[in-house]
K.L.:
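Here you go, one structure.
Proteins get letters first, then strands, A, B, ... in listed order; numbering begins at 1 in each.
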Amino acid sequence: MPELPEVEVVRRGLADHVVGRTVTRAAILGARVARRHLPGPVDLAARLTGAVVRAAERRGKYLWLVVQGPDSDPEALVVHLGMSGQLRVEAPDAPAEKHLHATFDLDGDERRPNQLRFVDQRTFGGLFLADLVPDPAAATGRPAREWGVPGTITHIAPDPLEAAYDQGAVVRRLKARHTGIKRALLDQGLVSGIGNIYADEALWRAQVHGEREAASLTKPALGRVLSAARDVMSDALAAGGTSFDALYVDVNGQSGWFERSLDAYGREGQPCHRCGRPLRRESFMNRSSFSCPRCQPRPRRRR
DNA sequence: CGTTCCTCCTGCTAGC
DNA sequence: TGCTAGCAGGAGGAAC
C-alpha cells in the first residue's frame with residue numbers, strides 16, 4: 001500500500017521521466033477514476049491536452065503534476081494512488097493493463113517510453129485538476145513551495161519530510177487529542193503520509209501502544225513517536241528509492257515492499273527484534289495492528 | 001469543532 | 001470442486 005515513501009518514489013520517477021514534456025493526447029477510461037474532477041472526465045482530458053508538465057510535487061500521500069496549457073496559468077493534476085494505484089511510463093503500444101484507467105501521450109523523445117498510464121486495481125485512487133494556491137501551512141522563515149499547493153488538498157497537513165513540517169506544532173495538537181495515538185497518526189489533517197504500516201513501525205520504534213490516548217502521552221514521548229515516524233519513512237525511502245526500473249515510474253510498490261525491513265507490520269508470532277517476544281496482532285479500527293506485548297504494553301483502560 | 005463509523009472496490013485466501 | 005465470507009485499507013463524508 002503506497003504511503004509516503006512509495007509515493008515519493010513515484011514522484012521522483014515522474015520528475016525524471018515526465019517533467020518538461022508536453023501531453024499530446026489524454027484519455028480517461030471510465031468515469032470513476034475522475035470522480036473527484038467535478039467537471040467530468042471529458043473536461044479533464046481536454047484541459048490536459050497540449051499542457052506542459054512543469055514539476056512533480058508531493059505532500060503526504062498526495063502527488064501532483066504542475067501542468068500548464070498554452071494560454072493558461074499553471075494548475076495541478078492531482079493524483080492519489082489509493083491502495084493499489086500505479087503510474088507507469090510505457091510505450092503507447094504496450095498491452096493495456098487489466099485495470100488501466102487513464103493514458104497520457106507525451107511528446108516525442110524516441111529514446112524514452114512516451115505514454116504515462118494510471119493503473120489501479122481497487123479503484124480507490126483517482127485524478128483531478130485543482131487550482132494552485134499559496135501553501136497555508138508554510139512555516140514562517142522556511143522556504144515556501146515554488147508552485148504552491150492544490151487548493152482542494154489544503155486540509156492535508158505537511159508531512160515529516162517537507163520544509164513546512166513543524167514537529168513541535170504537531171506535538172501540541174496531539175496533546176489536545178482525546179483519541180488513540182495510532183488513530184491520530186493516521187489523521188492526514190494532523191500529519192500526513194503515515195498509513196497503517198508506518199504507523200505500526202513508528203509505534204514499535206517508540207515503544208508505545210497504538211491505543212494509548214494521545215493526550216495522555218508526555219510531549220517528549222509524542223516527539224519520539226513523531227521522530228520515529230519520520231525516521232522509518234526516511235529509511236524506507238532510502239531502501240526503496242534505489243530499485244526502480246526506468247520503464248516504470250513506480251515499481252508498483254511491490255518490489256520496494258518486499259525488500260523493506262519491517263519490525264512490526266505483518267510479523268504476528270515472530271520474535272520482536274528488540275526483546276525476542278512474539279509479536280501480537282490486534283484488530284483495531286477494523287484493521288490489523290502489530291505490536292510487541294512487552295515493549296508496547298496495552299494501556300490499562302482503553303485508549 | 002472533535003470524534004467515530006461507514007463506504008467505496010477487487011483479488012486473494014480460508015473454510016465449509 | 002465451487003461457493004461464500006473475510007480481509008486488505010486511504011480518505012471523505014455522515015452522524016453524533
Side-chain angles (χ1 to χ4, degrees), chain A residues 1-11 29-38 58-64 78-87 96-102 118-128 130 149-159 169-170 172-203 210-216 229 233 236 250 252-254 256-258 260 262 264-269 281-290 301-303:
Chain A
M1 323 308 157
E3 301 178 31
L4 186 155
E6 294 74 31
V7 180
E8 174 60 14
V9 170
V10 175
R11 190 203 66 76
L29 313 171
R32 184 171 162 79
V33 70
R35 64 195 180 282
R36 291 180 71 183
H37 185 75
L38 301 182
R58 184 188 57 73
R59 167 164 279 175
K61 304 170 197 171
Y62 276 91
L63 184 66
W64 63 93
V78 183
V79 181
H80 199 291
L81 301 176
M83 295 184 53
S84 54
Q86 302 169 33
L87 285 168
E97 289 80 1
K98 184 171 181 188
H99 301 289
L100 179 63
H101 297 293
F118 184 76
V119 178
D120 188 8
Q121 174 202 114
R122 284 181 242 186
T123 71
F124 279 26
L127 313 164
F128 56 95
V149 298
T152 45
I153 66 156
T154 50
H155 62 292
I156 301 296
D159 67 61
V170 179
R172 288 191 291 278
R173 292 184 65 190
L174 283 169
K175 277 302 281 183
R177 286 278 176 132
H178 298 280
T179 188
I181 181 65
K182 179 167 179 180
R183 201 183 280 269
L185 289 178
L186 295 175
D187 182 346
Q188 307 296 301
L190 201 54
V191 52
S192 68
I194 304 171
N196 198 44
I197 295 167
Y198 293 112
D200 277 5
E201 294 300 309
L203 291 165
E211 290 185 58
R212 291 284 302 278
E213 185 184 21
S216 77
M233 292 195 293
D250 177 17
N252 77 17
Q254 289 302 307
W257 162 257
F258 285 123
R260 206 179 292 151
L262 296 172
Y265 187 83
R267 298 196 64 244
E268 180 183 14
R281 173 179 180 274
E282 293 169 304
S283 190
F284 165 57
M285 292 169 60
N286 277 338
R287 53 199 57 175
S288 292
S289 292
F290 300 88
R301 292 205 302 161
R302 275 186 44 87
R303 282 198 193 171

K.L.:
In whole angstrom, what separates K61(A)'s NZ from dG10(C)'s P?
P.N.:
5 Å
K.L.:
Just to verify, what does Y62(A) make a ring-ring contact (aromatic ring centres under 6.0 Å, His included) with, not counting sequence neighbours?
P.N.:
H80(A)
K.L.:
When the distance from CD of E213(A) to P of dT4(B) is rounded to whole Å, what number comes out?
P.N.:
10 Å
K.L.:
Return the set of residues passing side-chain hydrogen bond (donor to acceptor under 3.5 Å, both in side chains) with K61(A) (not counting sequence neighbours), or none when no residue passes.
P.N.:
none
K.L.:
Tell me the interatomic distance from D187(A), atom CG, to dG10(C), atom C1', rounded to whole angstroms.
P.N.:
12 Å
K.L.:
Taking the side chain of F124(A) as heavy atoms from C-beta outward, which of dA11(C), dA8(C), dG10(C) is closest to it?
P.N.:
dG10(C)
K.L.:
For the pair made of CG in L63(A) and C1' in dA11(C), what is the distance, rounded to whole Å?
P.N.:
16 Å
K.L.:
Applying side-chain contact (heavy atoms from CB on, under 4.5 Å), name anything that partners A102(A), two or more places apart in sequence or on another chain.
P.N.:
I28(A), F104(A), F118(A), L127(A)
K.L.:
Output all residues satisfying side-chain contact (heavy atoms from CB on, under 4.5 Å) with L29(A), sequence neighbours left out; order by chain, then residue number.
P.N.:
A27(A), L100(A)
K.L.:
Starting at atom CZ of R59(A), determine the distance to atom C1' of dG10(C), rounded to an integer number of angstrom.
P.N.:
18 Å
K.L.:
Expressed in angstrom and rounded to an integer, what is the separation of D200(A) atom CG from dG10(C) atom P?
P.N.:
11 Å
K.L.:
Identify all pairs in which a protein N or O lies below 3.5 Å from an N or O of nucleotides 11-15 of chain B, and state each distance.
P.N.:
unit_1  : atom_1 : unit_2  : atom_2 : d
dG11(B) : OP1    : K98(A)  : NZ     : 3.1
dG11(B) : OP1    : H99(A)  : NE2    : 2.7
dG11(B) : O4'    : Q121(A) : OE1    : 3.3

K.L.:
For the pair made of CD in E6(A) and P in dG10(C), what is the distance, rounded to whole Å?
P.N.:
11 Å
K.L.:
Polar atoms only, N or O, under 3.5 Å: list the protein pairs with nucleotides 12-16 of chain C and their distances.
P.N.:
unit_1  : atom_1 : unit_2  : atom_2 : d
dG12(C) : OP1    : R36(A)  : NH1    : 3.4
dG12(C) : OP1    : R36(A)  : NH2    : 2.9
dG12(C) : OP1    : Y62(A)  : OH     : 2.2
dG12(C) : OP2    : H155(A) : NE2    : 3.2

K.L.:
Looking at I197(A), is its backbone amide N or carbonyl O close enough to the side chain of E3(A) to form a donor-acceptor pair, meaning the two atoms are under 3.5 Å apart?
P.N.:
yes
K.L.:
Mind checking side-chain hydrogen bond (donor to acceptor under 3.5 Å, both in side chains) for R281(A) and listing every partner two or more places apart, or none if nothing turns up?
P.N.:
S288(A)
K.L.:
For H37(A), check side-chain hydrogen bond (donor to acceptor under 3.5 Å, both in side chains) against everything at least two apart and list the hits.
P.N.:
D43(A)
K.L.:
My validator wants the stems of DNA chain B: runs of 3 or more consecutive Watson-Crick or G-U pairs, both distances under 3.5 Å, written as range with range.
P.N.:
B:2-16 with C:2-16
K.L.:
Could you pull out all residues at least two apart from P150(A) that satisfy side-chain contact (heavy atoms from CB on, under 4.5 Å)?
P.N.:
W64(A), A76(A), V78(A), A130(A), L132(A), T152(A), I153(A)
K.L.:
Mind calculating the distance between NE2 (H80(A)) and P (dA11(C)) to the nearest angstrom?
P.N.:
3 Å
K.L.:
Any idea which heavy atoms bring R35(A) and T123(A) closest together, and the distance?
P.N.:
NH2-O, 3.5 Å
K.L.:
Once side-chain hydrogen bond (donor to acceptor under 3.5 Å, both in side chains) is applied, do any residues pair with E282(A), and if so which ones, sequence neighbours excluded?
P.N.:
H209(A), R298(A)
K.L.:
Considering residues at least two apart in sequence or located in another chain, which fulfil the side-chain contact (heavy atoms from CB on, under 4.5 Å) criterion with R177(A)?
P.N.:
R173(A), T179(A), D187(A), L190(A), A214(A)
